[in-house]
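For reference, the structure is listed below as structure tokens.
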Amino acid sequence: MAVEELQCVIKRCQILEERDFKEEDFGLFQLAGQRCIDDGHIDQLLEVIQDEKNKTIIKSMGWNLVGPVVRCLLRNGEEEKRKDCFLMFDLLVKLCNPKELLLGLLELIEEASGKQISQIILLLLQPLQTVVQKLPNNKAYSVGLALSTLWSQLSLLPVPYSEEQMLTDDYGLCQCCKALIEFMKPFVEEVIDNKEDKENEKLKDELLKFCFKSLKCPLLTAQFLEQSEEGGNDPFRCFASEIIGFLSQIGHPVPQIILNHGRKKRTWDYLEFEEEEDKQLSDSVASLTYLVFVQGIGIDQLPMVLSPSYLLQMNMEHIDVFLQRTEQSIFSKGLELLENSLLRLEDNSLLYQYLEIKSFLAVPQGLVKVMTLCPIETLRKKGLAMLQLYIDKLDSQGKYTLFRIMASLNLLRYLVIKDNENDNQTGLWTELGKIENNFLKPLHIGLNMSKAHYEAEIKNSQRNSQAASMCKDVCSVTVGGEEVPSMPPEMQLKVLHSALFTFDLIESVLARVEELIEIKTKSTSEESVGIK
């Protein structure tokens with residue numbers, strides 16, 4: 001029945017010009033073709049597609065069959081029927097209108113979910129490449145549309161974490177990364193061969209955007225195998241190497257991207273995705289920096305004249321990006337990049353002026369967060385080791401300053417507990433006199449004055465609350481030289497009591513820090529006397 005319906009549509013359309021095809025004909029052709037596949041008449045449908053007399057019909061309507069044919073290929077049916085389906089698919093790619101076919105293929109990719117995402121992509125990438133290359137106009141737009149659709153779907157797949165997961169590749173992400181490189185190569189070559197072509201400038205922009213997106217996903221999360229002679233077995237290392245290579249080939253080498261990032265005017269400021277989400281670019285460049293400095297991919301492109309302190313300054317912003325994340329696979333890269341950057345420096349060589357840069361204070365705060373909140377012991381220890389290494393690299397003024405613009409008391413309490421005076425791994429005990437005179441004592445005075453001020457405000461508020469409720473002008477409270485917006489007396493009391501409570505908490509931590517310092521110094525003194 002399905003074959004007869006198909007033949008009926010074909011006979012009616014064979015005598016018509018392409019422009020005379022009706023919407024009804026398209027629907028009937030698709031429905032009859034779908035039924036032929038479902039009923040197992042694949043060989044007869046193939047004959048219709050192969051018939052030269054039907055060439056115009058297939059060119060105009062054949063793309064409607066791509067969906068049913070692809071779904072047939074994904075089913076594990078008889079080998080002979082699958083063979084016919086593959087042949088039919090190749091013919092449709094060859095004969096159909098490329099514009100309609102492009103949209104049909106991308107729709108199939110968008111519809112996939114779960115493990116079927118990689119199956120569809122691996123099946124359609126080669127045909128998709130062929131179709132895009134056949135398009136006479138707006139190739140850059142079509143390449144961008146294809147790459148955007150592919151990336152959106154691949155970003156839904158879980159990234160393999162261990163070597164075993166990479167080998168099994170249950171969701172097919174590793175295979176897709178390899179296939180994507182092959183998909184991109186002819187378009188990269190087209191940009192290289194026609195650098196003066198304006199259309200190729202647009203194509204270059206689309207490739208650049210996809211490379212940046214790939215640096216974020218999957219490469220920001222991806223783990224890399226230990227470097228060895230068999231490095232070619234690491235799918236993500238291979239993918240990263242190719243992406244970095246593409247960037248260089250299309251005119252954006254590693255030094256240009258890394259050294260330009262953070263400047264007011266960057267060479268890729270015109271890209272739309274950066275305007276929409278600047279954080280995406282920060283993640284991408286952080287990922288690239290990790291790949292270059294820790295994994296050594298493309299590091300030979302960097303000039304050798306860059307000083308260790310300059311490299312650290314350049315990398316600290318990216319390290320902060322990593323440490324702000326909560327995913328172990330991401331913030332652990334921040335620890336690795338920090339270690340790599342710090343080991344280039346001599347001890348006590350990092351000038352205290354660097355702490356005026358926001359990231360140089362944000363990074364140690366991130367390390368404290370790792371040390372206190374990370375559930376994995378090895379990473380907590382790594383965080384502590386990196387903080388100690390960071391402090392070692394600072395000059396004496398820098399060590400003192402660091403203990404003071406971050407969360408000082410909590411950090412100081414932590415270091416006093418962990419670092420014994422005899423060990424002095426952090427340099428804390430060397431700078432103890434400065435810390436006591438320039439931080440702890442002024443903090444005592446400030447707390448006492450603040451508490452007295454707020455206690456007086458509470459008494460005034462309580463004394464005048466009844467009168468204030470009868471007045472239009474509610475009494476004001478000044479904190480740090482700024483007037484708190486007017487509020488009811490009851491709310492004022494709550495705020496003032498809350499501030500006092502905060503001061504009490506700070507005072508208790510301060511007392512504990514001083515107690516710990518006294519215990520540690522007394523213990524060390526007794527040990528020294530015993531030795532004598």
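The residues of the chain are indexed from 1 along the displayed sequence.
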For the atom pair [atom1] ([X]) and [atom2] ([Y]), what is the distance rounded to the nearest 0.5 Å?
X	Y	atom1	atom2	result
Ile250	Asp205	CD1	CG	8.5 Å
Asn64	Leu101	CG	CG	10.5 Å
Tyr161	Ser329	OH	OG	6.5 Å
Phe293	Thr289	CZ	OG1	6.5 Å
Leu92	Ile49	CG	CD1	4.5 Å
Leu312	Leu338	CG	CG	7.5 Å

Is [X] salt-bridged to [Y], going by a charged N under 4.0 Å from an acidic O?
X	Y	answer
Lys185	Glu189	no
Lys358	Asp320	no
Lys22	Glu24	no
Lys204	Glu201	yes

Quiz prompt | Step-by-step salt bridge (charged side-chain N to carboxylate O under 4.0 Å, His left out) determination, Lys81 to Asp43 | solution = CA-CA 8 Å; Lys81 288 185 178 179; Asp43 53 342; over 6 Å; no
Atom [atom1] of [X]: over 12 foreign heavy atoms under 6.0 Å:
X	atom1	result
Glu4	CD	yes
Lys134	NZ	yes
Gln14	CD	yes
Tyr141	OH	no

Quick one: does [X]'s side chain have a donor or acceptor within less than 3.5 Å of a partner on [Y]'s backbone?
X	Y	result
Glu336	Phe331	no
Ser248	Pro253	no
Asn97	Lys59	no
Ser214	Phe210	yes
Arg82	Leu73	yes
Asp234	Phe236	yes
Asp169	Gln175	yes
Ser359	Ala362	no
Gln388	Thr426	no
Arg380	Cys374	yes

Please determine, by modelled atom types, if [X] and [Y] share a side-chain donor-acceptor pair under 3.5 angstrom.
X	Y	answer
Arg344	Asn340	yes
Gln165	Asp170	no
Glu339	Tyr390	no

Practice problem: Would you please test Gln249 and Phe246 for side chain to side chain contact (heavy atoms under 4.5 Å, CB included) and show each step? | Solution: CA-CA 5 Å; Gln249 290 171 49; Phe246 287 159; 4.2 Å; yes
Side-chain heavy-atom pair [X], [Y] within 4.5 angstrom cut-off:
X	Y	value
Leu128	Leu150	yes
Ser142	Lys99	no
Phe86	Leu123	yes
Asp283	Arg325	yes
Ile357	Met316	no
Leu215	Phe212	yes
Ile297	Val254	no
Val285	Glu317	no

Quiz prompt | Candidate pair Cys36 and Gln44, rule side chain to side chain contact (heavy atoms under 4.5 Å, CB included), full reasoning | solution = CA-CA 8 Å; Cys36 284; Gln44 290 166 283; over 6 Å; no
Taking every non-hydrogen atom, the tightest pair across [X] and [Y]:
X	Y	value
Met166	Cys174	O-SG, 4.0 Å
Pro218	Leu173	CB-CD2, 4.1 Å
Leu306	Leu311	CD1-CD2, 3.7 Å
Leu124	Leu105	CD1-O, 3.8 Å
His252	Ile257	O-CD1, 3.4 Å
Leu65	Gly33	CD2-CA, 3.7 Å

Practice problem: Report yes or no: is the cationic atom of Lys333 (NZ for Lys, CZ for Arg) closer than 6.0 Å to the six-membered ring centre of Phe322, at no more than 45° off its axis? | Solution: no
Exercise. Please report the C-alpha distance between Phe224 and Tyr290 in whole Å, then the side-chain angles of each, then the deciding distance to 0.1 Å, and finally whether the side chain to side chain contact (heavy atoms under 4.5 Å, CB included) criterion is met.
Key: CA-CA 11 Å; Phe224 297 87; Tyr290 170 83; 4.0 Å; yes
Quiz prompt | Check against side chain to side chain contact (heavy atoms under 4.5 Å, CB included), Phe187 and Val191 | solution = CA-CA 6 Å; Phe187 306 115; Val191 168; over 6 Å; no
Exercise. Apply salt bridge (charged side-chain N to carboxylate O under 4.0 Å, His left out) to Glu377 and Lys381, showing your working.
Key: CA-CA 6 Å; Glu377 183 180 4; Lys381 289 181 176 179; 3.2 Å; yes
Quiz item: salt bridge (charged side-chain N to carboxylate O under 4.0 Å, His left out) between Lys139 and Glu190: does it pass, once the steps are laid out?
Solution: CA-CA 11 Å; Lys139 184 179 290 185; Glu190 196 168 324; 3.4 Å; yes
Quiz item: Under the side-chain hydrogen bond (donor to acceptor under 3.5 Å, both in side chains) criterion, do Asn315 and Ser341 qualify, and how do the steps go?
Solution: CA-CA 7 Å; Asn315 288 343; Ser341 303; 3.1 Å; yes
Self-check item: Intermediate values then yes/no, side-chain hydrogen bond (donor to acceptor under 3.5 Å, both in side chains), Tyr171 and Gln116
Solution: CA-CA 8 Å; Tyr171 284 84; Gln116 199 180 64; over 6 Å; no
